[in-house]
There are 2 protein chains.
Amino acid sequence: MRQRRKQDSRRVTVKDLAKDLGMSVSTVSRAFYPDAVIAEPTRKTVLERAAELGYRPNPFAQSLITKRTQIAGMVVSDLTNPFYPEVMTQMLARLQAVGMNVMLAAANEPDQTDEAVDLLLSYQPDLLIVLAVTLSSHAWEKCEQGGTPCIFFNRLSANGQGFGISCDNEMGGRQVADFLIDTGHRNLLYVSAFPDASTNVERYAGFRARTIERGLAEPEVLEAGLFTYEAGYQAGLNMAHLKGKIDGVFCANDIVAIGFMEGAQAGSGLRVPDDLSVVGFDDITMAGWPSHELTTVPQPLEDMMEAIVGLALELSNSSARPSQKIHCFAPGKMIIRNSTRSRVQTSKDLSYA
Amino acid sequence: MRQRRKQDSRRVTVKDLAKDLGMSVSTVSRAFYPDAVIAEPTRKTVLERAAELGYRPNPFAQSLITKRTQIAGMVVSDLTNPFYPEVMTQMLARLQAVGMNVMLAAANEPDQTDEAVDLLLSYQPDLLIVLAVTLSSHAWEKCEQGGTPCIFFNRLSANGQGFGISCDNEMGGRQVADFLIDTGHRNLLYVSAFPDASTNVERYAGFRARTIERGLAEPEVLEAGLFTYEAGYQAGLNMAHLKGKIDGVFCANDIVAIGFMEGAQAGSGLRVPDDLSVVGFDDITMAGWPSHELTTVPQPLEDMMEAIVGLALELSNSSARPSQKIHCFAPGKMIIRNSTRSRVQTSKDLSYA
DNA sequence: CTGAAAGCGCTTACAG
DNA sequence: CTGAAAGCGCTTACAG
């Protein structure tokens, strides 16, 4: 038992394979690189035998030389927002399909982030994908100085840092304003989540701008503070303290909206959509559940996924940096469910007022 | 621009550090191994200077020699069940805290699993953590022959394969039976999820056995088939086709229970808890939301987390295999919420019948 | 306690 | 088109 576990079942190496085939190590190695200069029949022979013996180049040895790791580091913080597991699932599958491996770092507490990112960076990932609301400036510096490109998903980088993939949140906010106003809502409210998040800021900006353009009063704002169910719920409870009569609500995202609806019901007995229309953002699976039936703006996930995989591939395989830093896609068409109701007064309804 | 990106900003290596300190490479290297023979003051000097220069041993070069990678491979399939993101978050944080990195493989489609696991295994993780319902036998063989230990989380391995960490699901099922019977329920139903999953099988076994022990008729069974909201919802709809009057329902897990409650309401107008008591399993965050208020059996996550980190550490740092293969913890105390109601008839209530 | 040397499994100029 | 050789950044017997 003195031997090391991993050595017991020795893995086959280039040397073994070369000897087996009566070729040089160099030739065998070349067979695995599409661009390498090697006779096609030779390559075929090598690849076939490799498959038989179960040989795979050792990625550690490979990376030591090539400085490429085929690893994408992924920083996540907000797995309680169902949007992210949904995104991760798709992203993982696609990255896997192009041969990239994903190494995960959780950044639940802001102070954990640095250590987590350091750990990640020591594996020299070809790129970092940030699914978190925040990346500490320390962590960002580390990436910079290590030459590791960052992709910020669903969040525009603060100062033009790194690459960004997101949907046009402002346009989404405008769509919601138009929708609510077109369906007869006149007293609007925005339920704000994490104040520094670009998604939050932009959605509000679009919503507010369009509301004013359409000649209504500036929307009220309720600060939930976080992108969580609990924050939304608390904001819903706080509806009680709001003076004006609100008839249309836009929440920073779906999970906040879902919490908000329940909080409003619990706190002030407000019923959705009878007393209040509520709109979310993202179109997470839960938004379609019968218990919520949330009207929402869907993220253009298909586009965003294609962009991120394309970018990841470029960043890990070519030496030139991609020129386009920001990919911003129009949101999908609003999905109208049962959390909103038209308040347009037909002539018959005029008795009301 | 002909140079490679990663080479531009050269990372500091042992050599650099050794030269800087006027020591040999060997000595510098030893400073990073607690068990290595090295004068304590020397070690201190090295470590300090390393921190200043931002030196970290290159894990790829390290692994090439030590055959240890400090990588835990994680196979996930079921991120739509909120239980898993919750588990992942905690597990990630804890593994990070002990210096392990997590490499992720998604196994959404059964046929993707093999390729994903292969990719993962080529990085020679010290161990594999399986959070998925299923690991193909091909994948398992690969682990075996590569000497990579597997830990199955929340699922007992089929044929004594690998290590298992789970809660005592059968005991949980028994608790639910006792609880429902004690609170006056007499006509019980089990909503079954994925038939091959050990969690599903054991929870049912315990529930059924205890029901019979208590002298009631065997519980009815409704096959949802999957651990998903949608499957639970469908099962709820199917309540309509059930002949007998059911008053107490145990669902394979929380997400199924939540779907079930809504399906039962939508399909047959059955109200929880007035017409029906419903119990879940896991205690996911959502179970506590006002819209669900689900009575449930909590998993002993604290215990399970400690066990998995302990096991991971043993497997990645020592050469001896841990002796205990199965860690099975008693579930937590049932959490009684509003999805269940006592149906014990006090003398006053006897008018009802 | 420290250093010189071998070697982990690869890739890639450099010759031929 | 193929092979011999150097070297990626580290660790670890082996001497001293």
Side-chain angles (χ1 to χ4, degrees), chain A residues 2-7 10-46 50 53-70 121-124 146 317 319, chain B residues 2-46 50 53-70 121-124 146 317 319:
Chain A
R2 274 217 56 248
Q3 300 182 302
R4 257 197 233 92
R5 167 164 54 81
K6 288 292 182 70
Q7 284 178 343
R10 285 222 330 109
R11 169 176 170 143
V12 18
T13 79
V14 242
K15 254 189 209 157
D16 302 331
L17 188 53
K19 187 177 292 177
D20 179 282
L21 288 162
M23 300 178 184
S24 78
V25 160
S26 328
T27 303
V28 169
S29 172
R30 279 191 267 260
F32 292 87
Y33 291 79
D35 297 338
V37 185
I38 182 180
E40 210 44 57
T42 313
R43 162 175 282 142
K44 213 180 141 222
T45 314
V46 174
L53 298 183
Y55 168 76
R56 277 204 180 217
N58 179 324
F60 291 86
Q62 273 184 132
S63 306
L64 214 47
I65 300 191
T66 61
K67 311 294 176 199
R68 298 279 155 74
T69 57
Q70 299 286 91
L121 286 178
S122 74
Y123 283 86
Q124 310 193 68
N317 292 329
S319 43
Chain B
R2 276 216 54 250
Q3 302 181 298
R4 260 201 228 92
R5 166 164 54 82
K6 287 292 181 69
Q7 284 178 341
D8 295 344
S9 47
R10 283 218 336 106
R11 166 177 173 144
V12 19
T13 79
V14 243
K15 255 189 210 158
D16 303 330
L17 187 52
K19 188 177 291 178
D20 178 283
L21 288 162
M23 299 177 184
S24 77
V25 160
S26 328
T27 304
V28 170
S29 172
R30 282 190 266 261
F32 292 87
Y33 290 79
D35 297 338
V37 185
I38 181 178
E40 210 43 58
T42 313
R43 162 176 284 142
K44 213 181 139 221
T45 314
V46 173
L53 298 183
Y55 168 76
R56 276 202 180 217
N58 180 325
F60 291 86
Q62 274 184 132
S63 306
L64 213 48
I65 299 192
T66 62
K67 309 294 177 200
R68 296 279 153 74
T69 57
Q70 299 286 90
L121 286 178
S122 76
Y123 282 86
Q124 309 193 67
N317 292 329
S319 42

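Throughout, protein chains are lettered first and strands after them, A, B, ... in sequence-line order, and every chain is numbered starting at 1.
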Residue [X], side-chain heavy atoms: nucleotide from [options] that is nearest:
X: I65(A); options: dT2(D), dG7(D), dA4(C); value: dG7(D)
X: S29(A); options: dT2(C), dT11(D), dT12(C); value: dT12(C)
X: V14(A); options: dC10(D), dT2(D), dG9(C); value: dG9(C)
X: T13(A); options: dG9(C), dT11(D), dG9(D); value: dG9(C)
X: A61(A); options: dT2(D), dT2(C), dC10(C); value: dC10(C)
X: L64(B); options: dT11(C), dA4(D), dG9(C); value: dG9(C)

Rounded interatomic separation in angstrom, taking [atom1] from [X] and [atom2] from [N]:
X: L17(A); N: dT11(C); atom1: CG; atom2: P; answer: 11 Å
X: L53(A); N: dG9(C); atom1: CG; atom2: P; answer: 16 Å
X: M23(B); N: dC1(C); atom1: CE; atom2: C1'; answer: 12 Å
X: Y123(B); N: dG9(C); atom1: OH; atom2: C1'; answer: 15 Å
X: D16(B); N: dG9(D); atom1: CG; atom2: P; answer: 8 Å
X: F60(B); N: dG7(C); atom1: CZ; atom2: P; answer: 25 Å
X: Y33(A); N: dC1(D); atom1: OH; atom2: C1'; answer: 19 Å
X: N58(B); N: dG9(D); atom1: CG; atom2: C1'; answer: 6 Å

Using only side-chain N and O atoms of Q62(B), determine if any of them is under 4.0 Å from OP1 or OP2 of dC10(D).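 Answer is no, no contact under 4.0 Å.
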Test N58(A) against R11(A) for side chain to side chain contact (heavy atoms under 4.5 Å, CB included), laying out the working first. CA-CA 9 Å; N58(A) 179 324; R11(A) 169 176 170 143; 4.1 Å; yes
Tell me what R43(B) touches on the nucleic acid: a base, only sugar-phosphate, or nothing, going by heavy atoms under 4.0 Å.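 Nothing, no heavy atom under 4.0 Å.
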Return one dot-bracket line describing DNA chain C 5' to 3' (Watson-Crick or G-U wobble pairs, both distances under 3.5 Å; ( ) same strand, [ ] crossing, | another strand, . none). |||.||||||||.|||
If you go through the side-chain atoms of R30(A), does one of them form a donor-acceptor pair with the base of dG3(D) closer than 3.5 Å?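 It does, because a donor-acceptor pair links the side chain of R30(A) to the base of dG3(D) below 3.5 Å.
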Between dG16(D) and dT12(D), how far is it from one C1' atom to the other, in whole Å? 16 Å
5'-most by nearest nucleotide on DNA chain C - K15(A) or T27(A): K15(A)
